[in-house]
Amino acid sequence: MFFHIKRYYYGLLKYRSWLWLALFPPLFFLVVSAISPNQFSIRQDIRVSLDVPVALMTSPVGYMTIQELLSHPEILFQNKLSIRTLYGQLYSDIDYYRTDPQFRELFLAVKDHMTLVLPDNDKIQIAYQGPEKEKGLMLVEFYSDRVIQNIAEGIRRSKTQEHSEAQIAGVAKIKEERIIFEKSRMWQLFSIAVISIIGVMILCGFLEYRDSSFKSERQMARYLEVPILGSIPDLNKVYASMEK
Amino acid sequence: MKTENLLSGRIALHGEIAEIKRIYSAIETSLKHRESSCLVITSSIAGEGKTTMVAGLAAYAAKQPGERVLAMDLNWYSPALHTFFGAELNVDPNRLKIFDSIMDVVKPSGLKNLDIFPAVRSNSDQELAFGESETIAIHLMQKARKEYSLVIVDTSAIYPPNRRMIDPAIISKEADGVAVVALANATPREDIKRAMKILDTAGANILGMIANQWKNPMM
């Protein structure tokens, strides 16, 4: 056993120039993550005046203005009924939503990435800022439709005819952003570096294993089945010590 | 850098190395202490340390009481033994066909009880006919045994075969024993195994292996 460990150690020394290969995967990861878009900003404009009533989903008769909704956007986004409806659209079985980790994941995505902003006095903007483009598009579309429905219901509840309904203004704008480096990548970088070093060490072991030359007299005797008359060391070193 | 370049001039120290003494003792036992012995040293490929071994064994054997030793270089394709003793190559291969005594063609080594037979340096107009070399080599070995108690022969490697070399598999049959030198951590074991098989098939008496650990960092 010790012989093989010693042989592997000398194999690592022999092929140590290959250890440089271990740098490539982490560098590749850094380059790819720097040039790949990792943040998506998706914004959908909705043309509406600020005093238009919006129905409250927690009440059968209540409503508030857009201005008030802008101050408390969580009423729109973190409304459990909305998220359950969205969950039902995405996943067929809604009966076990409470225990399904996907529900919680959806809730957190909405909570962390969705906002409601006021770019102009005659429109509001449903915005997604996060790492998943497709999910962001889906959430923006869902909540845009939701806002328009709630505004229509709010107008009905307020019994006023002076407000016009909200309208989607144009298509959603998608902007890709790149973050050259962020601390959250350190753990991935470290993991990739460790795995690539281990991989190169395994490669060195494999290269050493493929070397069919003898490493000891015992190997010679066992493989060739002849007596070993003796062994001569590195004579340069022997002469150097004899001549001292 | 080849070992012999560094070792030329150190031949006197060769006989003092413990490992060489042990190898000589093992060979002497294997040869059953005959009055006149002929030992061939060969290897599977070039550069494994045959000449170093021949020089060392010859230097030590010459110190033993009652021994008269001849170190013969029959590696005419790539001679090196003469460099260990500061000798010149033999110049006329045709002279080897007509000499009466081996003493006519050997040279002193500078060490007591040790002579050397350097390899032949041939040029195009002196070149021996194909197959003539082995005949001359065997003739030389037979003549040498009459004058010396121990003849140690340095040969070519078994691979790659070359029509200009003296085939060690052929001349090994003339010897009392063959020792094969192998360079650890360098020569593939399959090459060594093939060489051993060739010697065995040719009828050589393989005494054993000598491991040269020069390139082995594990030793």
Side-chain angles (χ1 to χ4, degrees), chain A residues 1-22 197-244, chain B residues 1 3-7 9-10 12-14 16-30 39 41 49 52-53 55-57 177-193 195-197 199-200 206-219:
Chain A
M1 181 70 182
F2 179 69
F3 171 77
H4 293 291
I5 293 170
K6 196 174 168 187
R7 183 179 171 180
Y8 177 67
Y9 168 71
Y10 281 105
L12 281 181
L13 289 179
K14 186 173 161 186
Y15 296 107
R16 61 185 178 275
S17 56
W18 288 71
L19 288 173
W20 288 104
L21 281 178
I197 287 171
I198 291 170
V200 171
M201 288 174 72
I202 291 172
L203 174 67
C204 291
F206 173 72
L207 290 172
E208 175 58 28
Y209 173 75
R210 281 189 65 216
D211 179 0
S212 63
S213 62
F214 292 115
K215 309 295 178 189
S216 70
E217 293 148 47
R218 188 175 177 217
Q219 281 186 328
M220 279 188 193
R222 290 173 87 175
Y223 184 76
L224 299 170
E225 295 177 330
V226 293
I228 304 299
L229 300 171
S231 167
I232 50 172
D234 183 350
L235 293 178
N236 296 322
K237 290 179 187 168
V238 172
Y239 286 130
S241 64
M242 285 169 89
E243 285 168 353
K244 273 185 187 170
Chain B
M1 186 182 293
T3 309
E4 51 264 33
N5 292 337
L6 294 172
L7 293 177
R10 287 170 165 167
L13 293 175
H14 249 62
E16 302 301 321
I17 297 172
E19 287 84 356
I20 290 179
K21 293 178 189 176
R22 283 179 190 166
I23 293 168
Y24 172 80
S25 176
I27 290 172
E28 198 193 19
T29 304
S30 299
L39 170 70
I41 306 286
T52 306
M53 205 61 246
L57 283 173
V178 177
V180 181
V181 180
L183 189 59
N185 199 44
T187 311
R189 58 182 70 185
E190 300 82 19
D191 289 356
I192 301 171
K193 183 85 172 177
M196 302 284 284
K197 194 72 188 165
L199 287 170
D200 191 47
I206 302 173
L207 301 178
M209 297 291 303
I210 299 170
N212 186 351
Q213 305 286 8
W214 170 42
K215 282 191 173 179
N216 192 359
M218 291 177 66
M219 294 294 154

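Quick caveat, the model's predicted, so the values are computed rather than measured. Numbers restart at 1 for each chain; the letters A, B, ... are given by sequence-line order, proteins then strands.
- Chain A forms the most heavy-atom pairs under 4.5 Å with one residue out of B/Pro217, B/Ala186, B/Gly49, and that residue is B/Pro217.
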Take A/Ser213 and B/Thr187 through the test side-chain contact (heavy atoms from CB on, under 4.5 Å) and record every step on the way to the result.
-> CA-CA 5 Å; A/Ser213 62; B/Thr187 311; 5.6 Å; no
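- Here A/Ser231 contributes atom OG and B/Ile20 contributes atom CD1; the two are 11.0 Å apart, rounded to the nearest 0.5 Å.
- Using a 3.5 Å distance cut-off with no hydrogens or angles, the side chains of A/Lys215 and B/Asn216 do not pair a donor with an acceptor.
- Each of B/Lys193, B/Met209, B/Lys197 has some count of heavy-atom pairs under 4.5 Å with chain A, and the biggest count is that of B/Met209.
- Looking at B/Leu183, there are no atoms closer than 4.5 Å to chain A (heavy atoms on both sides), in backbone or side chain.
- Residue A/Phe206 places its CZ atom among 12 or fewer non-hydrogen atoms of other residues, nucleotides or ligands, all under 6.0 Å distant.
- Residue A/Tyr223 touches chain B through both its backbone and its side chain, counting heavy-atom pairs closer than 4.5 Å.
- The number of heavy-atom neighbours closer than 6.0 Å to NZ of B/Lys215, taken from other residues, nucleotides and ligands shown, is 12 or below.
- Considering CD1 of A/Ile232 and CD1 of B/Ile17, their distance stands at 8.0 Å, rounded to 0.5 Å.
- A side-chain donor-acceptor contact under 3.5 Å links B/Arg189 to the backbone of A/Ser212.
- For the pair B/Ile192/A/Phe214, a side-chain contact is recorded, criterion being any heavy-atom separation below 4.5 Å from C-beta on.
- Contact between B/Ala179 and A/Leu229 at its shortest, heavy atoms only, is CB-CD1, 3.8 Å.
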Evaluate side-chain contact (heavy atoms from CB on, under 4.5 Å) for B/Gln213 paired with A/Asp234, printing each intermediate quantity in order.
-> CA-CA 6 Å; B/Gln213 305 286 8; A/Asp234 183 350; over 6 Å; no
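- Using a 4.5 Å cut-off between heavy atoms, B/Ala18 makes no contact with chain A at all.
- Neither the backbone nor the side chain of A/Tyr9 comes within less than 4.5 Å of any heavy atom in chain B.
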